[in-house]
Amino acid sequence: MLYMVIETFDRGADVVYERFREKGRMLPNGVTYVDSWVSEDMSRCYQVMATEKRTLLDAWMSHWDDIVSFHVVPVLPSQDAQKRISGMDQVSTPSGT
């Protein structure tokens with residue numbers, strides 16, 4: 001299962017990145033970092049994480065929740081959403097969409 005994790009840096013990006021430099025991402029076994037983007041104003045991070053157990057994601061967030069507020073949304077790739085909507089095994093999409 002994929003999750004979009006929206007992090008709001010409660011005490012600023014510098015505090016978050018300092019901890020990251022010191023301790024790393026601190027992911028428990030069973031959680032995989034996929035990719036991330038940071039807002040231009042450095043106030044939020046949008047991360048995609050993968051795990052089969054949501055409780056593991058909660059365990060990871062507990063390492064950061066004193067300096068970061070979290071909003072978690074289960075997501076799926078667009079191609080999978082199209083398949084689900086259409087009920088088809090394969091969906092052909094025009095180039096560039």
Side-chain angles (χ1 to χ4, degrees):
M1 181 68 144
L2 294 174
Y3 295 91
M4 172 63 72
V5 180
I6 303 167
E7 304 177 8
T8 300
F9 302 150
D10 296 332
R11 294 177 34 206
D14 55 333
V15 175
V16 174
Y17 281 97
E18 181 179 338
R19 182 174 297 172
F20 180 78
R21 282 189 301 274
E22 291 174 3
K23 298 184 178 189
R25 203 171 302 279
M26 298 186 283
L27 291 175
N29 289 333
V31 177
T32 303
Y33 164 83
V34 177
D35 207 348
S36 64
W37 303 263
V38 177
S39 63
E40 221 174 283
D41 67 359
M42 302 295 289
S43 66
R44 287 189 183 84
C45 180
Y46 304 87
Q47 291 194 76
V48 176
M49 303 293 235
T51 184
E52 293 304 316
K53 296 181 180 178
R54 170 58 201 258
T55 56
L56 294 175
L57 194 62
D58 294 334
W60 165 70
M61 291 186 298
S62 73
H63 296 296
W64 298 94
D65 64 6
D66 60 321
I67 58 174
V68 174
S69 296
F70 293 94
H71 180 72
V72 179
V73 180
V75 296
L76 52 128
S78 295
Q79 185 176 13
D80 291 349
Q82 291 176 14
K83 289 177 188 177
R84 186 179 290 180
I85 297 294
S86 69
M88 297 172 56
D89 290 335
Q90 292 185 328
V91 175
S92 177
T93 59
S95 186
T97 57

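The shown structure was predicted, so the numbers you read here are calculated from the model rather than taken from an experiment. The first residue in the sequence is number 1, and the count goes up from there.
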Any chance you could measure K23, atom NZ, to E18, atom CD, to the nearest 0.5 Å?
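So the gap between those two atoms works out to 10.5 Å.
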What distance separates L57 CG from L27 CG, expressed to the nearest 0.5 Å?
9.0 Å
Would you call R54-D58 a salt bridge at under 4.0 Å N-O?
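Salt bridge: yes.
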Nearest heavy-atom neighbours spanning A59 and S62:
O-OG, 2.6 Å
Looking only at heavy atoms, what is the nearest atom pair of V72 and Y3, with distance?
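In this case the closest contact between V72 and Y3 is CG1-CD2, 3.6 Å.
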Any [X] side-chain heavy atom under 4.5 Å of [Y] side chain:
{"X": "Q47", "Y": "R25", "result": "yes"}
{"X": "R44", "Y": "F9", "result": "no"}
{"X": "V68", "Y": "R19", "result": "no"}

Mark yes when over 12 heavy atoms from residues, nucleotides or ligands other than N29 sit less than 6.0 Å from its CG; otherwise mark no.
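Open.
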Can you hop from [X] to [Y] via hydrophobic side chains spaced under 4.5 Å?
{"X": "M1", "Y": "Y33", "value": "yes"}
{"X": "M61", "Y": "Y46", "value": "no"}
{"X": "I67", "Y": "M49", "value": "yes"}

side-chain contact (heavy atoms from CB on, under 4.5 Å) between Y17 and V38: does it pass, once the steps are laid out?
CA-CA 12 Å; Y17 281 97; V38 177; 3.3 Å; yes
Taking salt bridge (Lys or Arg N to Asp or Glu O under 4.0 Å) as the definition, give me every residue that meets it alongside D10, ordered by chain and number, with sequence neighbours left out.
none
Test side chain to side chain contact (heavy atoms under 4.5 Å, CB included) applied to V48 - qualifying residues, sequence neighbours left out
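By the side chain to side chain contact (heavy atoms under 4.5 Å, CB included) rule, V48 matches L2, M4, V34, W37.
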Is the gap between the ring centers of F70 and W60 under 6.0 Å?
yes
